[in-house]
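Take a look at the structure set out below.
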Amino acid sequence: MAESVASAAVENMTNQAMECASPYLRYFFCYGQIVQDFTNQRNALKLRKQRVDTRVDEAKRQIEVIYEDVEDWLKRAEKELEQTQNLQDEIDRVKCFKWCPQWGWRYCLRIEFITSTHFMDSKSSKSALNQIMEAMKAVNMIGLYGMPGVGKTTLAQEVGKHAGERKLFDKVVMFTMSQNPNINSIQDKVADVFGLKFQTSSREGRAEELFKSMQRVNKILVIVDDLWEEFELKIIGIPFGDDHKGCKILLTTRRQQVCTKMNCQKEIQLGILSEDEAWVLFRDQAGLEGNSSALNNEAKKVAAQCKGLPLAIVVVAKAVKGEGLDLNGLKAVNQRFKDSRHLDNEDFGDVLQPLKLSYDYLKKGNNQMTENDIQICFLLCSLFPEDTEIPIEILIMCGIGVGLFPNANSIEDKRNEMVMALKKLQKSGLLLGTDDAKRIRMHDVVRDFAHWLTSTGENRFMVKDKLKKWPDMVESFECYTAIALWNCSSNIKFPDKVEFSKLKTLFLKGEWKWRRDDFLVVSSTFFEEMKALQVLFLQHVSFSAKRFPSLPNLKTLCCVRCELKIFPSSLTNLEILALFETKIFGISEKLVKLPTLKYLRLSGVQFYEESEIKIHPSLLSRLTSLQELHVHSQNTINLLELNSLSCLTALSLRLSTDQFSQEDFVFPKLQMYTIVVNEHFSYESALRTLKICNFPSSLSAFNNLFYNVEKLKLQNVRGQKNIVPSIGEMGVNELTSLELESCYDMEFLTVITRDQGPSVAFSNLVELYIQSMGSLKGLCYGLSPTRFLQNLKQVIIKKCEQLQVIFQIDELSEKVQCQIPLLSNLTILNLDSLPNLESIWKLNPSHQEIVSLTRLKVVTISGCDKLKTIFTTCQALSMLHLQELTIRYCDKVEQVIGFVQEEEIIEESFVNLTHLELTSIALLNFKYLFSEFTARTLEHLKFLMIRDCSFLEHLIEEVEKVDEIYVSNMKNHYPLFWPKLESVHIEYCENLKYLCSSTLAQRLPNLNCISILDCPRLIQVFNMETNKDDFELQNHCWPKLETLDIVNCQILKYVLPNTLLNVPFLQYLTVINCPQFSCFIVQAPLIKELVLRDVGNSHQLCNIDVHVLNKDCIVVGNHEEVFQVQGGYSFSSIKELYLTNLLKVRIIWNDFAQVVTLNNLTSLKVSDCKKLRYIFSPTNARSLSRLMYLCIKGCDELEQIILAKDQVSSSSSNADIGLQPLSFPNLTQIIVTNCGNLKSLFPFGFVPVLPKLESLELKRNSKLEQVLKLENEVEMAGEEETKFDKLERLTLEELPSLIHFCPKGCHFVLPALIELEVKDCPKLTTSFFVDSQKFVHCITKIPQLVKQDAIEETVTDAIFNKNINWSHWGGSQLPHIT
């Protein structure tokens, strides 16, 4: 009773909301009208609510059901009236409506806020903006961080603009905190926005007033800009969290840790600009015009030097604009950038200031770190070349060498401090992360800033790249403490001695060349005066001396791809020795002469004499200070010696089975290790990794490592029936990744009973990969480890023949704690080739409620022949984050998704599904894939593939028996709308009748691809009979569709009946073997490839009058024309066109205005189009500059390939077509067969028609008289010689009417011809012969009026009408010409 009134009221409220969305300036000029409209609409809503209340009361008296949507509308209406009461009261008090200062001031302020930004619409800023706007829907605290000058403030202002334009908040306020915030000033700014006048003067009193004022506003966005450290917003007076759930905070900061400390629920990083974006910003800020001048080219170099940092770009561009620099001025700016010493110039001060602030701030709050260790770590990064991804391990070695963090005792402790320092620098925006977690990067502008810092003072750095000669320095080298010379030319002559008395760090790299043995040669005397040197990094360097230089203070020596003919045994204080891909004579006893050595790394080391690292017996055991040993090449290390190294904490080794010959050997306990047995060494992110392959003996040698191993791989390891307790008696509880392959004796991962085995196992395991485990019966036997099932994130299991159940949970090893449901962290599940798998989940009924799949995102199941059920209804209830579901070749599957009784319909399940693929599953009991209710929840679906599903008749169930009001309620909640669907692939579904209703067809705005193959019972793609939303389709648009393929649908009649399909971006259209197809009209101006074969050959003709449409379009179906062109677009994008067996087609291009140009067409094949009369008009024939392949077959009525000029309509707009000579400059292959009415191929003139023709094949064209016909009627009086330089193959077969191959009076020379076949051409008057160079010539018989004697004198035994089968290598003989 009440629903119809409520429905109308809701519609009116929607219109009212639309009215309120007008621009803000309207409030100034239409104030009186707005007030009147507001009052009228509020009164109307009030009266309508009264009527609905009356009807609801009456319905309750009659004991009728009041539906939830009616009650919801009443609540919303009541809330709307309450919220607008204050505004109504203010209107009633202000009776003169001439001007409203308070309102006007507020809206003026808002306009100023919105229009004051200079937002750079870059890829990074777009992404961050979208993430912020999306996050606002779900969270209350958002952190935006990024390096100084990257544009955080500008982006935050843009967020405020978007929020205001979309009316997402009642109030938007933005203020800046800075390092030393002025709280009173901030309070004043916020109070102004909320129209508050403080009654108290104290900070606390003002905060309380502001707090209460903001609480009275429902929705607020507070933007806190430039936050430097954790701050309590209540100090200002901003309510948040439980105090005001409608208040959302966006903060910007340079340091990610500030976001973390502020408990931001979403942290978003803002990156730098791309090269093109940087140039656009620079050009606009500098006021430059055009793109091609020399000035702009130099300006682009300046912009590139800023490397995408918006602040640097804007400051430099404004400096360029302010100075009015010419070309020479820009070159000077470029030079300044190249030399960081000029960065203190006032033009660039604004770039340095934010970076200097961030650098100085590193000192704050670092009491535990010694002096300026983090700053020195930052400066060390600046020594590396521009744009280099810096290996963190190299940085650690250098940092230890220069003495950073002296209070940390061990190498491992120092490493941890360095890693923390680098993370702090990243969060401060002074360093950047990379895709590789083991590397970091420094932005070029930040690097220049670091060079500016070290250009003066006591701690001076020199960094040079691509050095061609030794620097001619005016000042002494004495002042430098760090020098980095990169990519030095091998021709540099290094001085014998240079005074480097203060130098502590030296990086020296030779120029890399293809020849690996071309090194930068340096003599040992060069280093003699570097007595203070602590770190020496060498790359592509070779020592020419017989002894290594004496460097008493050197602590770190790192050589990368160097050549050391001598071993550095004289470095008595050396702590770190690292050789990467370096060639040496061997590891000798001299190594023992390094008593302080703590770190030894040999990675990819090469030897002059041996193929593996041969370490003398007892050598390692004498390195008593050694803490870390890393040997990644094949070696002869005696493992027993490792137990003599009492300080050893870290080990990475590549070993073979032979090195485990000592049965009693056990690795010592270690803090960090990567040990690889019988496999190539690879760097791992895990601190503790074991990879053991092809290992037939006991694993007891690893017992001390299993207790803390993080990543474990076992491949072809025998004798182990389980992991716990056989391998890990304590439960391997630090293991995060487990990979098992071909361990044929293993039956379970864990065997735990009440009487035996640990109660806790795999408590940190997140990744599980199992493959080819022939004896595996299950994951857990007996008790299931609780925390294992709580933390597991990724499970991949393949080719395990005996496995019947994946997760069988009968009894847990311990009670569920921390309220974390079992499997609640599982995100990826991949099961493949498990032929005996019967169930994924087998749960004790008491455990059903503590199992949740809330984080499951990706499920892939393939080749599980006995599996019947994927998810239970209870599990489906929890799967709110499932994004990808793929099921392939599971013949027995009966239930996949949403197939439950109607009373159990789960409306919220699968709401985040983006990818669904079903291949070869039976589902015999179901004719549809989704219930209508499930379908309406799939608003995030992007990819849908259904293959070989014989059960399927349509995708979506049509609801017929459910209560209409309930259906209406569902539609209001979830309209049948898939806004993100991009790709639909349906293949081999033999019972499919249609996909879904036409209602859904019009609600696919992002559809990019439709592919329907081999669906023999498909009648309509979109069903027109069931259109419950009463929308009649006539002109339909898919704005983003690029591909449409329909193949082998024998009874398909329609895609969309009687529909003009507007697809402005369609590029690929294929319809094959659809003989019952009626037709549909497609507007596709950008079409690139069109394939139509066996389409619409029934007797039913297309019932649409295409000409009346007056549009450029493609007609797909039973029609006389394919393209209709009305004078608008000319289909010039088409590249490939294939038309086959179109029985009604008479014209390909119905080009009324003769405007079609086909300058991109490369391939054209027309076959069995029986009524086709010609292919090209003279106009479009002259546009075929890219045509390469032309094939015409079985076109019975084809008379001409190119329509004659006299047959073109006199109304043509191209009356001058005859002035343009005909040519096909790129046509390489021509095939024309079985065209019974064709008399000639192409007209022939003085311009080469086919200069690149390689193959010509003409067969069974019964009326073909001439191949090339003279354009002019007058015959050539003398012999004209024409060369076809590229023609290799020529076939003329069964051409009974052929008279001329070349026109009369023409002489063709075919120098590249290698195959010639002429067969059954009885009237042919063209003769073929060869010359001394084996060039083939052809000449047509000349009438008697031309002297024949001249030819007969030069040609012997000319062949005119005989069969020829000649090739360049043999076969028939051709007569010779002399």
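Only heavy atoms go into these numbers, but all of them, side chains included; no hydrogens, no water, no symmetry mates.
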request  = I would like to know whether H1300 and V1267 meet side-chain contact (heavy atoms from CB on, under 4.5 Å); could you show each step before the answer?
outcome  = CA-CA 7 Å; H1300 303 147; V1267 176; over 6 Å; no
request  = Check the pair L1287, F1308 against side-chain contact (heavy atoms from CB on, under 4.5 Å), reporting the backbone distance first and the verdict last.
outcome  = CA-CA 11 Å; L1287 187 62; F1308 286 178; over 6 Å; no
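In this structure, a donor-acceptor pair under 3.5 Å is present between the side chains of K1252 and N1226. Under 3.5 Å, the side chains of N1237 and K1263 contain a donor-acceptor pair of N or O atoms. Looking only at atom types and distance, the side chain of T1326 has a donor-acceptor partner in the side chain of T1340 under 3.5 Å away.
Between P1016 and N1048, the closest side-chain pair of non-hydrogen atoms is not below 4.5 Å. L1313 is not listed as a side-chain neighbour of F1284, based on a closest heavy-atom distance of 4.5 Å or more.
Salt-bridge check for K1171 with E1197: failed, with every basic side-chain N at 4.0 Å or more from each acidic carboxylate O. Salt bridge annotation for K1259-E1257: present, with a cationic side-chain nitrogen under 4.0 angstrom from a carboxylate oxygen.
Using cut-offs of 30° and 60° for the angle between ring planes, the H1337 and F1329 rings count as parallel. By the 30° and 60° cut-offs, the orientation of the rings of F1176 relative to W1149 is parallel.
Rounding to the nearest 0.5 angstrom, the gap separating the CG atom in L1137 from the NZ atom in K1165 is 12.0 Å. The line from CG of D1168 to CG of N1141 is 5.5 Å long, rounded to the nearest 0.5 Å. Between the CD atom in Q1229 and the CD atom in E1254 there is a gap of 8.5 Å [rounded to 0.5 Å]. Residue T1162 holds its OG1 atom at 7.5 Å from CG of L1187, rounded to the nearest 0.5 Å.
L1013 is linked by a side-chain contact (heavy atoms from CB on, under 4.5 Å) to E987, S1011, V1047, counting only residues two or more places apart in sequence or in another chain. Every side-chain contact (heavy atoms from CB on, under 4.5 Å) that N1062 has, sequence neighbours left out, goes to N1035, C1037, P1064, Q1083. Evaluation of the side-chain contact (heavy atoms from CB on, under 4.5 Å) rule for V1145 yields V1122, L1142, L1172 as partners, not counting sequence neighbours.
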